[in-house]
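As structure tokens, the structure follows; a few thoughts come after it.
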Amino acid sequence: MTAATAQRQLPTVMAINEALRQLMREDPNVFLAGEDVALYGSVFGFSRGLLDEFGPERVVDTPISEAALVGLGVGAAATGLRPIIDIMFMDFMGVAMDQLVNQAAKMRYMFGGKARLPLTIHTMAGAGLNLAAQHSQSLEAWFCHVPGLKVVMASGPYEAKGLLIAAVRDESPVIVINHKALLGLAGPVPEEMYEIPLGQAAVVRPGTNFTIIATGRMVHESLAAAEQLREHGIDAEVIDPRSLVPLDTETLVASLRKTHRALVVHEAVRFGGFGAEIAAQLQEAAFDHLDAPIGRVGAPFSPVPFSPALEAHYVPNADRIAGEVLRLLGRAA
Amino acid sequence: MPLSAETLRDLHRRMLRIRLFEEEAGRLSEAGRIPGALHLYVGEEAVAAGVAAHLGPGDQVTSTHRGHGHLVAVGGDFRQMFAELFGRATGYCRGKGGSMHIADMDLGMLGANGIVGGGPPIAVGAAFSNKYRKTQNVTACFFGDGASNEGSFHEAANMAGLYRLPLIFVCENNGFGEFTRQDRHQAIRDIADRAAGYGFPGIVVDGMDAVAVYEAAGEAIARARRGEGPTLLECKTYRFFDHVGVRGMGVVYRSDDEVRAWRERDPITLLERRLAELGILDEAGAAAVREAIQAEVREAVAFAEASPFPDPAALTEDVYAS
């Protein structure tokens with residue numbers, strides 16, 4: 001990244017927009033389809049202007065029909081195109097689950113490697129906007145459990161652009177999860193196309209004596225927690241896996257070997273969440289290095305509530321993360 | 001316009017290839033030589049043959065759990081098909097798919113499908129791709145009366161109608177969704193009626209009459225190639241065997257008399273009678289065609305059974321593109 005390009009700041013929503021535009025300019029087989037992505041520019045605004053540049057053949061408004069929408073992507077990918085399918089809210093994936101889990105994920109394997117499925121599913125997850133139980137979930141664990149799908153989560157504008165470009169150029173189905181509460185978050189984004197390789201974690205904040213592994217919006221809460229922990233003499237390393245499948249276990253284990261303690265943080269429900277998989281892998285790989293049990297912070301076992309008073313308790317935050325770190329260290333929070 | 005002798009012979013050959021493949025697969029399954037479950041196409045051959053006779057390079061087919069017939073109809077290779085049913089490394093899917101996922105991407109056969117209603121959304125994608133790439137290709141989406149109750153079919157039909165996609169929905173109405181008779185799973189008689197809800201024509205055709213299917217499919221496919229959008233072609237047909245496996249008679253969900261009545265209208269017998277009347281193919285000629293295919297079946301089974309099973313190392317290959 002050059003100094004000049006690093007200075008340019010873009011909000012996440014525009015980083016997604018730029019990635020889509022560049023991908024569509026690069027490859028005529030790339031198209032975007034989804035509910036209200038064309039004329040309206042998506043309800044989140046990330047596809048504004050694309051219809052004008054690329055026309056209705058390549059920026060396609062669809063009926064509210066998630067099963068057919070994902071099927072559109074599967075059939076088009078299997079016959080030579082490179083579709084980007086937008087599922088407006090991640091919660092709506094349930095409507096299209098067969099196409100995602102039984103068709104897209106398995107086609108290549110079932111056909112003995114003879115199908116090619118360069119399919120990207122782009123979606124918005126996360127709570128924090130008082131949208132209640134059916135528009136706020138983080139369901140990444142569902143898809144991580146299905147062989148054949150790749151799953152990535154962006155924590156900001158740089159990641160949103162780099163992960164989307166890598167996903168669309170990939171030859172397998174990839175689910176790209178953005179967080180709706182991060183769309184306005186601005187940060188440095190290079191103007192040129194670049195990829196964040198799938199399966200490469202980032203050390204967001206280097207540290208020496210505690211490892212916090214966090215995804216999506218929780219990366220920012222964990223960075224804030226790390227600042228709080230400095231007062232307690234704790235120098236926390238914060239790692240963003242960025243890609244859950246494939247998972248960069250190596251980077252996570254290397255950090256744990258250095259710090260001997262780890263906490264996994266995600267916004268999804270803690271029980272059965274992907275944090276459990278990370279914790280299990282860490283203890284399998286580096287049990288002898290552990291000075292404390294691996295901790296997990298996630299949402300309580302309930303649907304996402306509507307009331308701001310309740311939602312604030314539902315979504316993990318810096319205080320809870322810092323408190324859990326202190327608890328793991330045997331210190332009162 | 002009467003069909004040419006060549007077309008009639010072609011239909012006959014496609015149907016007989018399906019029948020003999022399926023009868024042998026059924027025998028091997030009953031004998032315990034083929035593992036897993038087979039959903040056999042016997043009785044419905046006129047549908048696959050009548051549609052596939054119009055398809056060519058670049059066209060696609062989405063299929064069902066009863067998918068062998070569709071693959072044979074578009075030119076599937078018996079050796080790779082039997083090898084797949086036997087779970088061998090030389091099979092179409094290297095032994096990883098089996099009967100319910102048999103596919104040939106080179107022939108545009110985008111897979112049999114273990115999920116009822118799984119195919120129509122994929123067919124929409126393939127047809128969208130044909131249009132996007134500015135080809136004249138069409139997609140034929142086979143599905144059953146059972147699938148016509150799945151939401152995925154309705155979503156796909158709506159989208160295909162909206163975008164006027166080059167697609168034909170071919171409903172193989174064999175009267176049963178698994179073991180449930182049509183009048184116990186939907187309140188309509190003609191599934192073709194459903195097309196009206198999506199803005200394209202729905203046509204009912206005698207699915208035991210290969211010529212009728214051929215003619216109706218020809219019109220629908222020509223319409224699709226002209227860019228005039230989809231058609232729903234409902235073929236009234238019958239499953240001579242059970243939902244899974246062979247038996248089919250002496251079962252609780254239908255009477256033997258009913259099966260006998262449908263077998264009176266065996267699509268291959270009907271066509272052979274017509275070929276004989278027209279002087280195109282006499283009994284000896286039909287027997288010669290049959291024997292040639294039977295020899296091919298025997299050779300393919302021998303090839304399959306002599307083929308190796310996949311190496312355990314292949315287990316986790318092909319999950320992702322490398």
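Everything quoted here is computed from the prediction, not taken from an experiment. Every chain is numbered from 1, with letters handed out A, B, ... down the list of sequences.
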Begin from the C-alpha positions of Phe21(B) and Phe78(B) and carry the test ring-ring contact (aromatic ring centres under 6.0 Å, His included) through to its verdict.
CA-CA 8 Å; Phe21(B) 180 94; Phe78(B) 277 4; 5.4 Å; yes
Are there residues of residues 103-113 of chain A that reach to under 4.5 Å of chain B by heavy atoms, and which ones?
Gln103(A), Met107(A), Arg108(A), Tyr109(A), Met110(A), Phe111(A), Gly112(A), Gly113(A)
Of the backbone (N, CA, C, O) and the side chain (C-beta and beyond), which part of Pro173(A) lies under 4.5 Å from a heavy atom of chain B, both, or neither?
neither
Near-ring test Phe54(A)/Phe31(A), centroid separation under 6.0 angstrom:
no
Check: Phe44(A) main-chain N/O paired with Ser42(A) side-chain donor or acceptor under 3.5 Å
yes
Using a strict threshold of under 4.0 Å (side-chain N to carboxylate O), is an ion pair present between Glu53(A) and Arg25(A)?
yes
So which bits of residues 139-157 of chain B come within less than 4.5 Å of chain A, counting non-hydrogen atoms only?
Glu155(B), Ala156(B)
At a heavy-atom separation under 4.5 Å, does Leu165(B) approach chain A through its side chain, its backbone, both, or neither?
neither
Given Leu315(B), Ile102(B), Thr62(B), the one with more heavy-atom pairs under 4.5 angstrom with chain A than any other is Leu315(B)
Within residues 103-112 of chain B, the residues sitting under 4.5 Å from chain A by heavy atom, in sequence order, are Ala103(B), Met105(B), Leu110(B), Gly111(B)
Given the ring of Tyr41(B), does Arg66(B) sit roughly above its face, with NZ or CZ under 6.0 Å from the centre of the six-membered ring and within 45° of the axis?
no
Does the Ser136(A) side chain pair with the main chain of Ala132(A), one donor and one acceptor, at a distance under 3.5 Å?
yes
Pair count under 4.5 Å, heavy atoms only, with chain A: among Ile115(B), Leu162(B), Val124(B), Asn158(B), highest is Ile115(B)
Let me know if Val245(A) has heavy atoms under 4.5 Å from chain B in its side chain, its backbone, both or neither.
side chain
Can you tell if the side chain of Phe46(A) reaches within under 4.5 Å of the side chain of Asp86(A), non-hydrogen atoms only?
yes
For residues Ser138(A) and His266(A), is any side-chain donor paired with an opposing acceptor at under 3.5 Å?
no
Can you give me the closest heavy-atom contact between Tyr163(B) and Lys131(B), atom names plus distance?
O-NZ, 2.7 Å
With chain B, which of Asn29(A), Leu81(A), Val74(A), Leu69(A) has the greatest number of heavy-atom pairs at distances under 4.5 Å?
Leu81(A)
Leading residue by heavy atom contact count with chain B [cutoff under 4.5 Å; candidates Ala76(A), Ala96(A), Gly75(A)]:
Gly75(A)
Any side-chain donor near an acceptor of the partner, Asn130(B) and Gln136(B), under 3.5 Å:
no
Is it the case that Arg58(A) and Tyr132(B) place a side-chain donor and acceptor less than 3.5 Å from each other?
yes
Is chain B contacted by the side chain of Val70(A), its backbone, both, or neither, given a heavy-atom distance below 4.5 Å?
neither
Going by distance alone, is a donor N or O of one side chain under 3.5 Å from an acceptor N or O of the other, for Glu172(B) and His70(B)?
yes
Can a cation-pi geometry be assigned to Arg33(B) and Phe86(B), taking NZ or CZ under 6.0 Å from the six-membered ring centre and within 45° of the ring axis?
no
Which atoms of Tyr320(B) approach chain A - backbone, side chain, both or neither, heavy atom under 4.5 Å
both
Going by distance alone, is a donor N or O of one side chain under 3.5 Å from an acceptor N or O of the other, for Gln137(A) and Asp91(A)?
yes
Let's test your reading of the structure: which of Arg116(A), Glu171(A), Gln99(A) forms the most heavy-atom pairs below 4.5 Å with chain B?
Gln99(A)
Tell me the closest heavy-atom pair linking Glu84(B) and Cys93(B), and the distance in Å.
OE1-N, 2.7 Å
Residues forming a side chain to side chain donor-acceptor pair (under 3.5 Å) with Thr79(A), sequence neighbours excluded:
Ser129(B)
Verify whether one side chain among Ser155(A) and Asp240(A) offers a donor that lies under 3.5 Å from an acceptor in the other.
yes
Could you please spell out the steps behind the side-chain contact (heavy atoms from CB on, under 4.5 Å) verdict for Phe92(A) and Ile64(A)?
CA-CA 10 Å; Phe92(A) 305 168; Ile64(A) 301 172; over 6 Å; no
